[in-house]
Structure formats: C-alpha cells, structure tokens
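Just so it is clear: chains get the letters A, B, ... in the order the sequence lines come, proteins before strands, and each one is counted from 1.
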Protein chains: 2
Amino acid sequence: MPVRAWTQTLDLALTYGSGQQIYAEGDRAHSVYTVVSGAVRTVRHSADGRRQIGGFYYPGELFGLEAEEERLFAAEAIRPTRIRSIRRETATQRVIIETALQELSRANQHLAMLGRRSAEEKIASFLLDLALAGPAHQAALPMSRQDMADYLGLALETVSRVLGRFQEEEIVVFASCREFSIIKRFRLLRLASA
Amino acid sequence: MPVRAWTQTLDLALTYGSGQQIYAEGDRAHSVYTVVSGAVRTVRHSADGRRQIGGFYYPGELFGLEAEEERLFAAEAIRPTRIRSIRRETATQRVIIETALQELSRANQHLAMLGRRSAEEKIASFLLDLALAGPAHQAALPMSRQDMADYLGLALETVSRVLGRFQEEEIVVFASCREFSIIKRFRLLRLASA
DNA sequence: CGGCGGATTGATGTACATCAAGATATGTGG
DNA sequence: CCACATATCTTGATGTACATCAATCCGCCG
C-alpha cells in the first residue's frame with residue numbers, strides 16, 4: 001500500500017485505551033487515520049439506543065473517510081490502539097481515492113451481509129472474513145459479542161448461541177472466547193453462501 | 001454538479017427498456033454512467049436466488065463506480081431509461097472522487113437502514129427518502145414492491161402490508177400503487193427514527 | 001375483452017428477540 | 001497471590017415480528 005510512505009512522514013501518532021473514543025458522531029471530518037496497532041470500530045447510535053457498527057479496522061488499514069462534512073459514525077478503539085492521523089488537506093487525491101474505493105467495497109460487502117440472510121449465514125461469513133486476515137486457520141476475535149451482534153444486525157444472545165452450535169458440530173474451536181480456529185472450512189463456506 | 005459538463009461532451013447516450021440489463025455481475029468495470037432519464041437499480045444475486053438491491057439511481061446521478069475490477073452488482077433499467085457512459089480512463093480524478101464519496105454516503109445510509117430496524121421503520125425511512133427527491137409531499141415510486149423488499153431486506157408481502165397499514169392510518173395516500181403523497185409527515189418521521 | 005404480471009390479503013409457521021438466571025472471565029486493591 | 005467486584009459470555013424459557021404458502025384481486029397491454 002503506497003499510502004504508507006505518507007503516513008510515516010506526516011502528522012502524529014496517538015494512543016487510545018480500550019473503548020476510548022477517537023472521534024464522535026457529528027464531529028467535523030478533517031482527518032483520516034491509519035491503524036498502527038490494535039483495532040478500531042466505527043459506531044452509530046439511533047435515538048432509542050440501538051447501535052450499528054459500520055466496520056472494524058486492523059493495523060495497516062485506513063479509516064475515517066466520510067462523504068459529509070460531519071461524521072455519521074463515531075470511531076472507538078476496541079482495545080489498546082495506536083493510530084496516526086492525516087489531515088485531509090495534506091492527503092493526496094490518490095490517498096483519498098484509494099480509501100474511498102476501499103471503503104465502498106467494504107460497505108458493499110457489509111450490505112450483502114445484512115440483507116435477508118440467516119444468523120448462521122451472517123456469522124459464518126463473518127468468521128471466514130476474520131480468518132482471511134490472519135494466518136492459516138487460526139484467528140483472533142478482537143471484538144465483543146455485542147460488537148459482532150451490532151455489526152451483523154443480531155442480538156448478542158443469538159451470536160453466542162450460533163457460535164455455540166458451530167462448536168458443538170466442531171466446525172470451529174475456540175481456544176478462548178476471543179480466539180478460534182476453523183476446523184471444517186468447507187462446511188463453514190457452505191453455511192456462509194447458502 | 002460540475003460533473004455534468006463532462007458528461008455532455010463525452011461518450012455516447014444509450015437507451016434501455018424496462019428491466020433491461022445495463023451491465024452484469026462479473027463484467028469488467030471500465031465505465032461509470034449518468035442517468036439521463038428513467039431510473040436504474042443495482043442488483044446482486046446469491047447462489048440460492050435471493051436478490052439484494054444495492055441502490056436506486058435517478059436522473060442526474062452517477063452509478064457504476066466499483067472498487068474491484070469485476071462488478072459485484074449488475075445494473076438494470078427499472079423503466080425505459082436513457083443513460084450516458086464515461087470510460088474510466090477519460091474520467092477525471094475529480095469525477096471519481098465525487099462519485100466515490102457520494103456512493104460511500106449512499107452505502108452508509110443503506111447500512112443504517114438494514115441493521116436491526118423494524119419493517120415499519122425501514123419503510124417509513126424509504127418513503128421519506130423518496131419524497132425528498134421529488135416536489136413537496138408528492139412522489140413517484142418507480143420500483144416494484146419486490147424491488148423495495150430486496151432493497152430493505154424484507155419479503156414483498158411485508159412491504160405491501162405495511163404500506164396498507166400506513167394508508168389505513170392515513171399517514172400516506174396512494175393515487176396509484178406507484179404514486180403517493182405523504183399526509184402526516186411528522187408521524188412518518190417518528191416511525192422512521194424510532 | 002381476455003390474459004398476465006404485479007399487488008393485496010389471509011392463515012400458518014418459525015427464526016430470532018427479549019427476558020431472566022447463571023457461569024466465566026477480567027480487573028483491582030489488599 | 002488471592003478475594004472480591006464487575007463486565008462479558010452462555011444457556012434456558014417464552015413471545016413476536018416477519019417469512020412463507022396460498023388464493024384472490026387489480027391494472028395494463030394486446
């Protein structure tokens with residue numbers, strides 16, 4: 001990613017603790033950010049307190065580009081996290097385009113995930129996505145069950161139950177509740193794309 | 001929209017009939033398009049035949065920008081439609097950025113619509129969005145109930161029933177089944193953002 | 001006028017939410 | 001390092017919003 005070269009030289013590194021807010025809904029969107037270490041979620045709250053998660057971001061990824069002047073989503077560190085900021089004026093058009101297209105792709109993936117799919121399908125795809133990022137058949141799950149639920153449009157109990165079922169059938173194994181490996185990848189693939 | 005100037009001078013106008021495909025899933029994404037007249041939907045099919053609609057596009061809007069080389073969504077005319085194409089090489093960075101940010105915003109709106117909201121909330125927001133585009137309190141509904149359903153992640157019967165209920169309560173009135181006006185805007189707003 | 005795709009309406013089933021306890025993990029101060 | 005406190009996760013019982021299945025109705029075009 002050629003973006004790296006810029007982020008190294010520009011602006012400052014910042015550190016956030018677990019759950020700490022990086023920016024809020026309604027803030028002016030003057031910067032974009034790269035995750036150096038840790039993990040970030042973008043979040044939006046509706047009037048009655050329901051939460052929608054826009055996406056999760058891992059080291060090397062850019063987040064915080066929004067179309068509007070005012071942010072629709074807030075960003076929060078999921079765990080201790082270091083990021084670097086790039087003011088929008090200093091960002092090249094190239095960086096903006098790349099980020100925008102990347103975000104677009106991400107949003108479309110997410111859309112496909114939410115529309116008219118069963119809890120099992122959603123969770124299966126989610127696990128496969130996570131596993132892609134990490135090394136072969138072994139992945140970390142940095143976010144809470146609640147985060148997963150809010151990302152997938154489910155109740156957290158449903159997430160827990162489906163994960164339970166997947167374990168029963170030995171499709172995946174959880175070392176801890178935040179770390180898993182996929183045993184029957186083909187079954188998971190079939191569940192995901194049903 | 002400064003984009004107009006370009007689209008006037010470049011490339012050719014094309015005409016499509018109702019339901020006709022403009023491009024298919026998997027096609028190379030070498031162009032973006034502007035709607036001249038009519039209306040367009042972007043569509044994606046899952047293995048088992050379920051359909052997800054990515055968005056609807058009306059005159060003056062740009063569609064067809066995708067992050068990947070191969071298109072994830074197909075595009076179809078909803079009714080007789082004229083469009084103009086712009087090859088990606090000829091498009092300015094400015095056009096690309098504008099489109100990308102616009103699409104991003106659209107996708108995020110759509111995401112907010114799909115996550116953990118009731119049928120009533122979804123349909124209320126949808127109607128309000130449509131009404132925004134048109135003149136005061138009177139709007140056309142160019143797409144079928146099935147299209148609405150696939151956009152909102154609902155069954156078409158549910159869409160029909162909720163629209164029925166809205167009419168009973170005189171929140172909206174349908175002149176024909178493709179044209180409506182909003183009577184009790186404030187109630188609709190409350191339903192939408194509950 | 002007759003036929004056909006789209007829309008409405010009704011009866012029934014089910015996947016998932018919600019409510020409610022417990023069990024496990026995580027962290028803090030003694 | 002342990003004991004307590006608090007957050008997170010799991011598991012169970014019950015309710016409900018929406019899907020599904022199945023007619024019937026309506027508007028549109030030949």
Side-chain angles (χ1 to χ4, degrees), chain A residues 17-20 41 46 48-52 76 78-80 113-124 126 140-169 172-180 191 194, chain B residues 17-20 41 46 48-53 76 78-80 113-124 126-127 140-169 172-180 191 194:
Chain A
S18 264
Q20 212 180 338
R41 65 178 172 240
S46 59
D48 63 343
R50 276 172 298 182
R51 213 175 63 141
Q52 173 70 45
E76 299 163 0
I78 293 178
R79 45 171 173 167
M113 184 102 89
L114 285 181
R116 220 61 154 46
R117 305 183 70 202
S118 72
E120 285 201 348
E121 290 173 293
K122 288 175 179 177
I123 292 174
F126 187 77
L141 199 69
M143 72 289 294
S144 71
R145 299 294 130 106
Q146 184 67 64
D147 287 340
M148 284 185 61
D150 290 341
Y151 180 75
L152 298 172
L154 297 169
L156 83 89
E157 295 94 326
T158 303
V159 171
S160 188
R161 267 186 258 273
V162 171
L163 288 178
R165 220 178 305 149
F166 283 179
Q167 262 185 114
E168 293 253 311
E169 303 190 33
V172 298
V173 176
F174 280 79
S176 78
C177 77
R178 294 297 184 93
E179 195 147 22
F180 70 99
L191 282 171
Chain B
S18 264
Q20 214 179 335
R41 65 176 171 241
S46 60
D48 63 344
R50 274 172 300 183
R51 214 175 63 140
Q52 173 71 44
I53 289 197
E76 298 163 0
I78 292 177
R79 44 171 174 167
M113 184 102 86
L114 285 181
R116 217 68 153 41
R117 305 182 69 201
S118 73
E120 285 201 347
E121 289 173 294
K122 288 176 180 177
I123 292 174
F126 187 77
L127 292 181
L141 200 69
M143 70 292 292
S144 70
R145 300 295 130 106
Q146 183 66 65
D147 286 342
M148 285 184 60
D150 290 342
Y151 181 75
L152 298 172
L154 298 169
L156 83 90
E157 294 95 326
T158 302
V159 172
S160 189
R161 268 185 257 270
V162 172
L163 288 178
R165 220 179 305 150
F166 283 0
Q167 264 186 110
E168 294 252 312
E169 302 189 36
V172 298
V173 177
F174 280 80
S176 75
C177 77
R178 293 297 184 94
E179 197 147 19
F180 70 99
L191 282 171

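Position along DNA chain C of the nearest nucleotide to B:Q167 versus A:R178 favours B:Q167 as the more 5'-ward residue.
Counting to the nearest Å, the P atom of C:dG6 and the CG atom of B:D147 are 10 Å from each other. Atom CD of A:E168 is separated from atom C1' of D:dT10 by 12 Å (rounded to the nearest Å). At whole-Å resolution of the value, CZ in A:F174 and C1' in C:dT24 are 15 Å apart.
A salt bridge is defined here as a Lys NZ or Arg NE, NH1 or NH2 lying under 4.0 Å from an Asp or Glu carboxylate O, and B:R116 with B:E121 fails to meet this definition.
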I'd like to know whether B:E76 forms a side chain to side chain contact (heavy atoms under 4.5 Å, CB included) with B:Q20, so could you lay out the CA-CA distance, the side-chain angles of the two residues, the decisive distance to 0.1 Å, and finally the verdict.
CA-CA 5 Å; B:E76 298 163 0; B:Q20 214 179 335; over 6 Å; no
Passes side chain to side chain contact (heavy atoms under 4.5 Å, CB included), B:E179 versus B:L141? Steps please.
CA-CA 6 Å; B:E179 197 147 19; B:L141 200 69; over 6 Å; no
B:F166 vs B:L191, side chain to side chain contact (heavy atoms under 4.5 Å, CB included): CA-CA, chis, key distance, verdict:
CA-CA 10 Å; B:F166 283 0; B:L191 282 171; 3.7 Å; yes
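Legend: residues meeting side-chain contact (heavy atoms from CB on, under 4.5 Å) with B:S144, ordered by chain and number and at least two apart, are B:Q146, B:D147, B:R178.
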In 5'-to-3' order, the base (B), backbone-only (S) or no-contact (-) status of each nucleotide in nucleotides 11-30 of chain D, using a 4.0 angstrom heavy-atom cut-off, is BBB----SSBB---------
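Screening residues 160-169 of chain A for salt bridge (Lys or Arg N to Asp or Glu O under 4.0 Å) gives A:E120-A:R165, A:E169-A:R187 as the qualifying pairs, with residues at least two apart or on separate chains.
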